Structures are given as C-alpha cells and as structure tokens.
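The block underneath contains the structure these notes are about, expressed in structure tokens.
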Amino acid sequence: MNILKFFTAGSVDDGKSTLIGRLLYDTDSILADQLEALQRSNRKNDDGTIDLAILTDGLRAEREQGITIDVAYKYFQTEKRKFIIADTPGHIQYTRNMVTGASTANLAIILIDARNGVVEQTIRHSYIVSLLGIKHVVVCINKMDMVDYSETVYSSIIEKYKVLAEQLKLADVTYIPVSALKGDNVVQVSENMDWYEGESLLHFLEKVDTDHLDQSLLARMPVQWVVRPQTEELHDYRGYAGRVLSGTFNLNDKVTVLPSGASSVIEKIEFFDEALDATHAGQSVIIHLKDDVDISRGDTIVNASALPQETKLIEADLCWMDTRALDTSIMYNIQHNSKVTKCKISEILHRVDINTLEKHAAEEFKLNDIGRVIVKTADALAFDLYDDNRSNGSAILVDTRTNLTVGALMFRAAVE
C-alpha cells in the first residue's frame, strides 16, 4: 500500500497536535488503552471534551505546558493509504526539530489560526518548506469555529498567503478551512461551511499523488556493504549491498562506480532469495556486476548515462542544530549517505532572517540559524543538486569532538 509521509507546521497554539489527534480519533486509529488514558487525563477542553493533543505530547514538559517541543511520529492507515505523520514544533526555539521532522516528508500541512491570519511564524514555516523542497503544501485555516465559519475570513487569508507562496515558489498549494477541535473538514466534510466546495483533509491526503517524487531518472545506490561470504559453496560470490536512493536500476544497465569512475553492467539484482529484473527507489538490494571492480563502503553506483556532480567545493544551505556555534576554524565530519569524510566551512555567504526572508552578512552560525555556506571536503563527493534529487543532494555535519549531528546541508551548486 502506498505510504504518504507528511508533517504539520504552525505557530504555538495553532492546533497542530489537536489536528493530528482528530485524524487519529475520527479514523478509529487509537488503541483502547490509549483511549482510556485520554479519558482519564485531567487535560480537557473548555466544553469538557477530550484534549486530543495529548496523543502526540510524549514529553512531560509538553503535557504540562500544552506545547510541542520534540518531533512526534504517528502512524495510521485507511483503506486507501498508509500515513506517517510528524508533529513538529512551531516555536522558533525548536526550528532544528522542525527541520528534522520535515526532512523526509512528501507533503506539508501548514496551520494558520483563522483569528490571526498569516503571521511571522507562517512565513518561517513556509520558508523551511520551500528550503527543503517539499512539493505539496496544504494550508489548513484552523479554528474556523471561532470566526463563525466565515467565508470572508477564509478568503482574505488565502489572498495573503498566495503572495507568500509566489515569493517562495510554492507551486502546489491546497487550501482547506478546518476546525480541529470540532472535527470540521478534517475527516468528514463540514455542514457548517456549506460555502466550501472542496473535500476534507483526509480525503485529500488519501488521493494526493506523490509517486513522481521517487521516479527520478537519476539512479543512485550508495554501497553500504561488500558481500563476500568466501565459503566453498559461494566461492566466487561478490555483491554490493545498499538502499536505492532514487531512480531505477534494471538488469543489463550500464553503470558507473564513483569515485573511481569504473564502468560495468548489472548482471544480477537480489532481494533476499529473490532475483529481480529491476529495483526502485527505497528498496534494499544486492547488486552484482559483470566485472570485478574495486568497490568499498561509501562508493556510489549510478546509471552511466546520468552522472552526478563530483567536487570538493560545494555551495550549500546550512541549518545549524547545535548549541555550540559553528566554528569555521575546525574540521567537521560530513556524512553524505554512506560516505564519511572531513570538511570545513570555508565561507559563510549569508544568514537568512527566516521571519522576514531577508539575507544578512554573517560571521557565525548559532543554534537554529539557516543560511548559505561554502563547504570544502577532503574527498570529492558524488552528489546531485538538492532541487534535482533530495535523496542525493543532502548531508549532515558531525562534530568530531562530541559525535553530535550539528548541521543539515542541502547542496545548491558545485563551486568551480
């Protein structure tokens, strides 16, 4: 069954957790013991009903304060689709958490409080959606019950958001008026908004097409392990295990191994004990080549007709995730898929004020800062531009002093 990964973004108290709770509750996706715990909870709404936001509040501080701090993942399915939801924080203090939750999403739900309209946080969340290259955006104008289900309020918010969407080049935006608290237009179409001619949020999520996101012609498979049993039974066995990042590999395809540049042809594709004619993005397989090629973990097998870029100098967007500021004088580890090598941030081009989208000159990056940098690596990386291939166009920075992941990179250009 097709899986849709999506995340929610919005200002504090816009109703992100409540919306997810409503989706789970109205689709009967809550286990009996969870429902009993909800009913026993001392957190209730003003009208005495269950506070559905508790479903995603995993941390004690979240339950006590009624805010989202960490990313919470929830899973449910309908007859048509499986869903993985990331409930991400709205507060600017937790921007790194939002980036983490959004990094693997196919779709973004941006919540706007109908009483407040487009605010600074809306700009910030929409910018991050644009930065991460998420193609599908659903703008849920929430708390419509608090504005008497006004079509005028809904329309005015849409007009303002369209200006922002055009500025950020968000091409596929869908608008849905909802009340997460009351359930209007979340799972079932609301009778309180007969002026709305669209479908409910769930019905839209069930049918939105995201298949094209993984159908890139840029076939890429980083090698995670060289399989050599070296037994009498499998004396000549040599396979290369990994997860296909993007595109499709077929039997007899001509491939190139990077960084060596060696060429060969795919002789066999194994998935457990099954031999495949082709393997697609997301599958973990073992590929056999017709020629004996020197391949190690960290190398990448690619289709010979569409080679990635290779360079040691890369222009990239950086989201800084550590409480310790970026230090341009030291070496970090950069991990690009299974490839790990040393690197330095050789230049900070600018930092973005993600509340106004203005670019500023900067000499340092602190926690939750986002901007553009030049990365210099010890070994050349075989990468695609992030806009062309998210899977092969991103990397993380690791501080070798602490082994903490301190930054997320999105590659924008190879620097000559």
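Everything quoted here is computed from the prediction, not taken from an experiment. Just so you know, residue 1 is the first one in the sequence shown, and it goes up from there.
Few gaps surround CD on Gln224; more than 12 heavy atoms of other groups in view lie less than 6.0 Å from it. Within 6.0 Å of CG in Asp291 there are more than 12 heavy atoms belonging to other residues, nucleotides or ligands. In the displayed structure, Tyr73 atom OH is contacted under 6.0 Å by more than 12 heavy atoms of other residues, nucleotides or ligands.
Across Pro177 and Met144, no two heavy atoms sit closer than the pair CB-CG, 3.9 Å. The two residues Ile134 and Ala108 come nearest to each other via the heavy atoms CG2-N, 3.8 Å. The minimum heavy-atom distance linking Gly407 with Trp320 is given by the pair CA-CE3, 4.4 Å.
A salt bridge links Asp317 to Arg372: at least one charged side-chain nitrogen sits closer than 4.0 Å to a carboxylate oxygen. A salt bridge does not link Glu364 to Arg351: none of the charged nitrogens lies less than 4.0 Å from a carboxylate oxygen. Asp387 and Arg412 are joined by a salt bridge, as a carboxylate oxygen and a charged side-chain nitrogen come within less than 4.0 angstrom of each other.
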- Are Tyr161 and Ser126 close enough, and set up right, to give a side chain to side chain donor-acceptor pair (under 3.5 Å), and what steps lead you there? CA-CA 10 Å; Tyr161 192 87; Ser126 300; 2.8 Å; yes
Does the side chain to side chain donor-acceptor pair (under 3.5 Å) test come out yes or no for Arg81 and Asn2, once each step is laid out? CA-CA 6 Å; Arg81 195 171 228 169; Asn2 183 267; 2.7 Å; yes
Worksheet item: What do the steps show when you test Lys16 against Asp87 for salt bridge (Lys or Arg N to Asp or Glu O under 4.0 Å), and what is the final call?
Response: CA-CA 7 Å; Lys16 302 179 298 299; Asp87 183 23; 5.6 Å; no
Pair Leu381-Thr311, side-chain contact (heavy atoms from CB on, under 4.5 Å): steps then yes or no: CA-CA 6 Å; Leu381 299 183; Thr311 182; over 6 Å; no
- Task: Decide side-chain contact (heavy atoms from CB on, under 4.5 Å) for Thr300 and Val223; before the verdict, give the C-alpha distance in whole Å, the side-chain angles of both, and the deciding distance to 0.1 Å.
- Result: CA-CA 6 Å; Thr300 305; Val223 175; over 6 Å; no
- Message: If you apply the rule side-chain contact (heavy atoms from CB on, under 4.5 Å), what do you find for Thr104 with Phe7, and how did you get there?
- Response: CA-CA 9 Å; Thr104 58; Phe7 79 103; over 6 Å; no
- Leu202 vs Lys207, side-chain contact (heavy atoms from CB on, under 4.5 Å): CA-CA, chis, key distance, verdict: CA-CA 9 Å; Leu202 179 63; Lys207 74 170 194 176; over 6 Å; no
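Scanning for ring-ring contact (aromatic ring centres under 6.0 Å, His included) contacts around Tyr154 gives Trp195, with sequence neighbours left out. Judged as a ring-ring contact (aromatic ring centres under 6.0 Å, His included), and not counting sequence neighbours, Tyr240 has no contacts. Thr100 pairs by the side-chain contact (heavy atoms from CB on, under 4.5 Å) definition with Met321, not counting sequence neighbours. Here Phe76 pairs with Phe83 under the ring-ring contact (aromatic ring centres under 6.0 Å, His included) rule; sequence neighbours left out. Under the rule for a side-chain hydrogen bond (donor to acceptor under 3.5 Å, both in side chains), Asp322 has no partner lying at least two apart in sequence or in another chain. Residues that satisfy the side-chain contact (heavy atoms from CB on, under 4.5 Å) test with Asn333, not counting sequence neighbours, are Val340, Lys342, Val398, Thr400. Evaluation of the ring-ring contact (aromatic ring centres under 6.0 Å, His included) rule for His288 yields Tyr237 as partners, not counting sequence neighbours. The side-chain hydrogen bond (donor to acceptor under 3.5 Å, both in side chains) check on Arg238 picks up nothing, with sequence neighbours excluded. Evaluation of the side-chain hydrogen bond (donor to acceptor under 3.5 Å, both in side chains) rule for Ser263 yields no partner, not counting sequence neighbours. Applying the side-chain contact (heavy atoms from CB on, under 4.5 Å) rule to Lys376 yields the partners Leu313, Ser346; only residues at least two apart in sequence or on another chain are considered.
Checking side-chain atoms of His125 against main-chain N and O of Gln121 turns up a donor-acceptor pair under 3.5 Å. At least one donor-acceptor pair under 3.5 Å links the side chain of Asn368 to the backbone N or O of Arg96. Judged by distance alone, with hydrogens and angles left aside, the side-chain atoms of Arg297 form no donor-acceptor pair with the main-chain N or O of Trp225 at under 3.5 Å. With Gln335 contributing its side chain and Asn337 its backbone, the two residues share a donor-acceptor pair below 3.5 Å. A donor-acceptor pair under 3.5 Å links the side-chain atoms of Arg390 to the main chain of Leu132, judged by distance alone. With Ser130 contributing its side chain and Leu168 its backbone, the two residues share a donor-acceptor pair below 3.5 Å. Of the possible donor and acceptor atoms, one in the side chain of Asn106 sits under 3.5 Å from a partner among the backbone N and O of Lys5. Looking at Asp399, its side chain does come within 3.5 Å of a backbone N or O of Arg401 through a donor-acceptor pair. No side-chain donor-acceptor contact under 3.5 Å links Asn392 to the backbone of Asn389. Under the 3.5 Å distance criterion, the side-chain polar atoms of Asp26 are left unmatched by any main-chain donor or acceptor of Leu23.
Counting heavy atoms from C-beta outward, Ile128 and Val99 have side chains that approach closer than 4.5 Å. Side-chain contact between Met221 and Val285: present, with at least one pair of heavy atoms (C-beta onward) separated by less than 4.5 Å. In this structure the side chain of Leu201 reaches within 4.5 angstrom of the side chain of Val138, judged on heavy atoms. Between Leu357 and Ile123 there is a side-chain heavy-atom pair separated by less than 4.5 Å. Looking at heavy atoms from C-beta onward, Asp113 lies out of side-chain contact with Asn142 at the 4.5 angstrom threshold.
The line from CG of Leu218 to CG of Asp384 is 5.0 Å long, rounded to the nearest 0.5 Å. Atom-to-atom distance recorded for Glu120:CD and Asn355:CG is 4.5 Å, nearest 0.5 angstrom. Of the inter-residue distances, the one linking Cys140 atom SG with Asn185 atom CG reads 9.0 Å to the nearest 0.5 angstrom. Atom CG of Leu4 and atom CG of Asp209 lie 10.5 Å apart (nearest 0.5 Å). Rounding to the nearest 0.5 angstrom, the gap separating the CG atom in Leu205 from the CD1 atom in Ile109 is 5.0 Å. Atom CD1 of Ile286 and atom OG of Ser284 lie 10.0 Å apart (nearest 0.5 Å).
Pairs of residues two or more places apart, or lying in two chains, that qualify as salt bridge (Lys or Arg N to Asp or Glu O under 4.0 Å) and include a residue from residues 263-283 are Lys268-Glu270. Within the structure, every pair that satisfies the ring-ring contact (aromatic ring centres under 6.0 Å, His included) test and touches residues 360-400, not counting sequence neighbours, is listed here: Phe383-Phe411.
Residue Ile141 forms a side chain to side chain contact (heavy atoms under 4.5 Å, CB included) with just one option from Ile157, Val147, Ile110, and that option is Ile157.
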